Chemist: 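Got a structure here, written out as C-alpha cells. Questions coming.
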Amino acid sequence: MSIKETEEGIMEDEIEPRGSMKSFLWHGGSVYDAWFSCASNQVAQVLLTLPYSFSQMGMASGVILQVFYGFMGSWTAYLISVLYVEYRTRKEKQNVNFNNHVIQWFEVLDGLLGPYWKSIGLTFNCTFLLFGSVIQLIACASNVYYINDKLDKRTWTYIFGACCATTVFIPSFHNYRIWSFLGLGMTTYTAWYLTIAALVHGQVEGVTHSAPTKPVLYFTGATNILYTFGGHAVTVEIMHAMWRPRKFKYIYLMATLYVFTLTIPSAASVYWAFGDELLTHANAFSLFPSSPWRDAAVILMLIHQIITFGFACTPLYFVWEKVIGMHDTNSILLRAITRLPVVIPIWFLAIIFPFFGPINSAVGALLVTFTVYIIPSLAHILTYRSASSRQNAAEKPPAVIGGWRGAFVVNVVVVVWVFVVGFGLGGWASMTNFIKQVDTFGLFAKCYQCPPRH
C-alpha cells in the first residue's frame with residue numbers, strides 16, 4: 001500500500017479492532033500518538049539542566065535561544081519528514097514493500113543521495129542516539145540519589161541500566177502509545193513543580209545573577225539548549241509508525257510550542273530563585289529541600305527517563321536487528337534477546353562519563369549539530385537541486401517562507417549558523433567544560449557532584 005493510499009485509510013497491516021483494550025493501550029499510529037511521542041521525547045532530563053544553562057548564559061539569552069533553537073529544530077524536523085515522504089513515494093513507485101520493515105533516516109539518505117550519505121547519516125545518528133541513551137541513564141542515577149543517597153550514583157547506574165534494558169520488549173514506536181502519554185504527563189508535572197516550588201521558595205539570601213561572565217560558559221549553555229530542541233533523531237521512525245505519515249510535517253512544531261510552556265517558565269523561575277548557585281548544581285533537583293512534592297517529581301521523572309531511553313534506543317535496536325538479520329521476525333521474545341547487546345555499551349559509557357549536564361552540551365555540539373541540523377538541511381538542498389526534482393517533488397515548501405528559494409535560503413542559514421556557533425564555538429566551550437569535569441572528578445566518578453557526607 002502506498003503513502004497516497006494511506007491518506008485515505010489505515011494501512012491494511014495496521015488495522016486493529018477499534019474497541020479492544022490492546023488497541024487503546026498498545027497500538028498507536030494516529031496524529032495524536034505522533035504528537036505525544038515528539039513532545040515526550042523532546043523534553044525529559046534536559047528540563048533539569050536548563051536552569052544550569054541559564055546560570056551560564058543569563059535570563060535573556062536563555063529565553064531567546066530556547067525560542068530560536070525551538071523553531072530551528074522544528075524546521076529541520078519538517079525537512080526530515082519531507083525527505084521521508086519523497087523516499088517512500090519513489091520506492092513505492094518501484095513496488096518496494098515495507099511490510100515488516102521500519103524505514104530509518106540512513107536508508108532515506110541512501111535512497112535519495114547514495115551510499116556516501118548513508119554512511120554519514122548512519123554514523124552520526126547511531127552515535128547521537130547511543131549517547132542520548134547514555135544521558136538518560138546518567139540522569140536516572142543523578143535523580144534517584146536525591147531521594148535515596150544510601151547508594152552512590154554509580155551503583156544506581158547499575159540498577160537503572162537493568163531497568164532501562166526492559167525497553168527491548170517494546171517492538172516499535174507503534175507500541176509507545178500509553179508510554180508517550182504518561183511520559184508527557186510526568187514531565188508536565190515536574191516542570192510545573194520546578195516553577196511553583198521556585199516561586200514559593202523565593203530568592204535565596206544574597207542571590208546573584210552574574211551571567212554571562214565567560215564565553216566558555218555562555219556557549220556551553222547555548223549548546224545544551226541546542227541539544228534540547230534536537231531530539232528529532234527518531235523522526236523517521238515515529239513517522240513510519242503513523243497510519244498517515246504525510247500528516248506529520250507540522251506535528252513537531254506543535255510539540256515544540258507545548259514544550260515551550262514547560263521549559264521556559266521552569267528554567268526562568270529556578271534561575272531567578274537560585275542564581276549563580278546553579279553553576280555548581282547541574283541538576284535542579286539538588287537545590288530543593290526534600291518534600292513529598294519533590295520526591296513525586298523525582299519518581300515521575302525517573303519513569304519518564306526510562307521511557308525516553310527506549311525512544312533513543314529503539315532505532316539502535318532496529319539497526320542491530322538489520323545487521324544480524326532479525327529485523328523481520330515476529331517473535332517479541334526473540335527480538336528482545338537479540339537487542340540486549342545494544343544496552344551493554346550504553347551501560348558502560350554511563351559509568352565512565354557520569355557528568356550530568358556537561359555531557360549534554362558536548363553531545364549537542366559534536367553530534368546534534370550534524371545529525372539533526374546540518375545533514376537534513378544539506379540533504380534537502382541536494383535532493384531538490386535540479387529543476388526536475390523540484391517539479392516532481394512529493395512535498396513542496398510552504399509559500400509562507402518563499403517556496404523553493406526561501407527554503408534553500410533558510411537551509412543555508414541553518415547550516416552556517418549551526419556549524420559556526422553550535423559546532424565551532426559550542427564544541428570548543430563544551431569540550432573545555434567537559435575536560436574540566438574529567439580533571440576534577442575523574443573518569444568512573446563514583447558520585448558526581450554529590451554533597452560531602454557528614
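Predicted model only: the values in this text are computed from it and were never measured. Keep in mind that the numbers below use all heavy atoms, side chains included, and drop hydrogens, waters and symmetry copies.
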Chemist: Is it the case that the side chains of Asn125 and Thr371 hold a donor-acceptor pair, with the cut-off being a distance below 3.5 Å and no angle test?
Modeler: no

Chemist: Side chains of Thr235 and Tyr252: do they bring a donor and an acceptor to under 3.5 Å?
Modeler: no

Chemist: Any luck finding a side-chain donor-acceptor pair between Tyr69 and Trp417 under 3.5 Å?
Modeler: yes

Chemist: Output the distance between atom NZ (Lys247) and atom CE (Met242), rounded to the nearest 0.5 Å.
Modeler: 8.0 Å

Chemist: Measure the shortest side-chain to side-chain distance between Leu50 and Gln66 over non-hydrogen atoms and say whether it is less than 4.5 angstrom.
Modeler: yes

Chemist: Just by modelled atom types, is the His380 backbone N or O under 3.5 Å from a matching donor or acceptor in the Thr383 side chain?
Modeler: no

Chemist: Kindly indicate, with the supporting measurements, whether the criterion ring pair (Phe, Tyr, Trp, His ring centres under 6.0 Å) is fulfilled by Phe288 and Tyr193.
Modeler: CA-CA 11 Å; Phe288 289 95; Tyr193 161 75; 5.7 Å; yes

Chemist: Do Cys313 and Leu129 come close enough that some side-chain heavy atom pair is under 4.5 Å?
Modeler: no

Chemist: For a quick check under 3.5 Å, do Tyr176 and Ser40 share a side-chain donor-acceptor pair by atom type?
Modeler: no

Chemist: Between Tyr373 and Phe419, does the ring centre distance come in under 6.0 Å?
Modeler: no

Chemist: Does the side chain of Val343 come within less than 4.5 Å of Val168's, by heavy atoms?
Modeler: yes

Chemist: With a 6.0 Å cut-off on ring centres, are Tyr145 and Trp156 close enough?
Modeler: no

Chemist: What's the spacing between Ile159 CD1 and Leu151 CG if we round to 0.5 Å?
Modeler: 5.5 Å

Chemist: Are Tyr84 and Tyr87 close enough, and set up right, to give a ring pair (Phe, Tyr, Trp, His ring centres under 6.0 Å), and what steps lead you there?
Modeler: CA-CA 5 Å; Tyr84 168 87; Tyr87 167 78; 7.5 Å; no

Chemist: State the CD1-CZ distance between Ile299 and Arg294, to the nearest 0.5 angstrom.
Modeler: 10.5 Å

Chemist: With side chains defined as the heavy atoms from C-beta onward, is the minimum distance between Pro212 and Leu217 less than 4.5 Å?
Modeler: no

Chemist: Would you say Asp33 and Ser30 are linked by a side-chain donor-acceptor pair, where the criterion is simply a distance under 3.5 Å?
Modeler: yes

Chemist: Working note: Val204 + Glu277, criterion side-chain contact (heavy atoms from CB on, under 4.5 Å); need CA distance, chi angles, decisive distance, verdict.
Modeler: CA-CA 9 Å; Val204 296; Glu277 278 191 41; 3.5 Å; yes

Chemist: Would you confirm whether Ser142, through its side chain, and Ile138, through its main-chain N or O, come within 3.5 Å as a donor-acceptor pair?
Modeler: no

Chemist: Thr49 and Asn224: side-chain donor and acceptor closer than 3.5 Å?
Modeler: yes

Chemist: Does the side chain of His240 come within less than 4.5 Å of Gln104's, by heavy atoms?
Modeler: no

Chemist: Quickly, which of Tyr271, Trp272, Phe54 forms a ring-ring contact (aromatic ring centres under 6.0 Å, His included) with His209? Name it, please.
Modeler: Tyr271

Chemist: Does the Ser55 side chain pair with the main chain of Tyr52, one donor and one acceptor, at a distance under 3.5 Å?
Modeler: yes

Chemist: Given 3.5 Å as the limit, does a donor-acceptor pair link the side chain of Ser119 with the main chain of Pro115, or not?
Modeler: yes

Chemist: Testing the 3.5 Å rule here: is there a donor-acceptor pair between the side chains of Ser180 and Ser37?
Modeler: yes

Chemist: Rounded to the nearest 0.5 Å, how far apart are CG of Leu279 and NZ of Lys214?
Modeler: 9.0 Å

Chemist: Passes side-chain contact (heavy atoms from CB on, under 4.5 Å), Val234 versus Asn41? Steps please.
Modeler: CA-CA 9 Å; Val234 297; Asn41 180 56; 3.5 Å; yes

Chemist: Using modelled atom types and a 3.5 Å cut-off, is there a donor and acceptor pairing between side-chain atoms of Trp347 and backbone atoms of Thr157?
Modeler: yes

Chemist: Starting at CG of Leu194, measure out to OG1 of Thr263 and round the result to the nearest 0.5 Å.
Modeler: 11.5 Å

Chemist: Return the CG to CE distance between Leu83 and Met239, rounded to the nearest 0.5 Å.
Modeler: 10.0 Å

Chemist: Can you confirm whether or not the ring centre of Tyr146 sits under 6.0 Å from the ring centre of Phe285?
Modeler: no

Chemist: For Lys249 and Val85, run side-chain contact (heavy atoms from CB on, under 4.5 Å): C-alpha distance rounded to whole Å, both residues' side-chain angles, the deciding distance at 0.1 Å, then the answer.
Modeler: CA-CA 10 Å; Lys249 55 187 176 182; Val85 171; over 6 Å; no

Chemist: Would you check if the side chain of Arg339 reaches a backbone N or O of Ala336 as a donor-acceptor pair within less than 3.5 Å?
Modeler: no

Chemist: Do other residues, nucleotides or ligands put more than 12 heavy atoms under 6.0 Å from Lys118 NZ?
Modeler: no

Chemist: Just by modelled atom types, is the Val102 backbone N or O under 3.5 Å from a matching donor or acceptor in the His327 side chain?
Modeler: yes

Chemist: Where the side chain of Ser172 meets the backbone of His174, is there a donor-acceptor pair that is under 3.5 Å apart?
Modeler: yes

Chemist: Specify the closest pair of heavy atoms between Ala379 and Leu109, including all atoms of both residues, with the distance to one decimal.
Modeler: CB-CD2, 3.7 Å

Chemist: Looking at Cys164, is its backbone amide N or carbonyl O close enough to the side chain of Thr167 to form a donor-acceptor pair, meaning the two atoms are under 3.5 Å apart?
Modeler: yes

Chemist: Trp35 and Tyr258: ring pair (Phe, Tyr, Trp, His ring centres under 6.0 Å), yes or no, with the steps?
Modeler: CA-CA 10 Å; Trp35 183 86; Tyr258 179 76; 5.5 Å; yes

Chemist: Under a 3.5 Å distance rule, please check whether Ser286 uses its side chain to pair with a backbone N or O of Ala282 as donor and acceptor.
Modeler: no

Chemist: For Trp404, is the CH2 atom crowded, meaning more than 12 foreign heavy atoms sit under 6.0 Å from it?
Modeler: yes

Chemist: Please determine whether side-chain hydrogen bond (donor to acceptor under 3.5 Å, both in side chains) holds for the pair Ser74 and Thr256, giving the CA-CA distance in whole Å, both sets of side-chain angles, and the decisive distance to 0.1 Å.
Modeler: CA-CA 7 Å; Ser74 299; Thr256 299; 3.2 Å; yes

Chemist: Verify the neighbour count for atom CZ of Phe181: are there more than 12 heavy atoms of other residues, nucleotides or ligands below 6.0 Å?
Modeler: no

Chemist: Which pair of non-hydrogen atoms, one from Ser210 and one from Thr213, has the smallest distance, and what is that distance?
Modeler: O-CG2, 3.1 Å

Chemist: Using 30° and 60° as the class limits, which term best fits the ring planes of Phe318 and Phe173: parallel, tilted or perpendicular?
Modeler: perpendicular

Chemist: For residues Phe229 and Phe260, establish whether the separation of their ring centroids is below 6.0 Å.
Modeler: yes

Chemist: If you define the side chain from C-beta out and look only at heavy atoms, does anything of Thr187 sit under 4.5 Å from Trp192?
Modeler: no

Chemist: List the steps and the verdict of ring pair (Phe, Tyr, Trp, His ring centres under 6.0 Å) for Phe71 and Tyr78.
Modeler: CA-CA 10 Å; Phe71 284 115; Tyr78 165 77; over 10 Å; no

Chemist: Step by step, would you call Lys322 with Glu107 a salt bridge (Lys or Arg N to Asp or Glu O under 4.0 Å)?
Modeler: CA-CA 12 Å; Lys322 292 171 184 177; Glu107 294 169 320; 3.1 Å; yes

Chemist: Go through Gln56 and Leu278 one step at a time and tell me if the side-chain contact (heavy atoms from CB on, under 4.5 Å) criterion holds.
Modeler: CA-CA 9 Å; Gln56 296 171 316; Leu278 285 157; over 6 Å; no

Chemist: Is there a side-chain contact between Trp117 and Asp110 (heavy atoms, below 4.5 Å)?
Modeler: no

Chemist: Would Thr220 and Asn433 count as having a side-chain donor-acceptor pair, cut-off 3.5 Å?
Modeler: no

Chemist: Any side-chain heavy-atom pair from Val43 and Thr228 closer than 4.5 angstrom?
Modeler: no

Chemist: Can the ring centroids of Phe274 and His201 be said to lie less than 6.0 angstrom from one another?
Modeler: yes

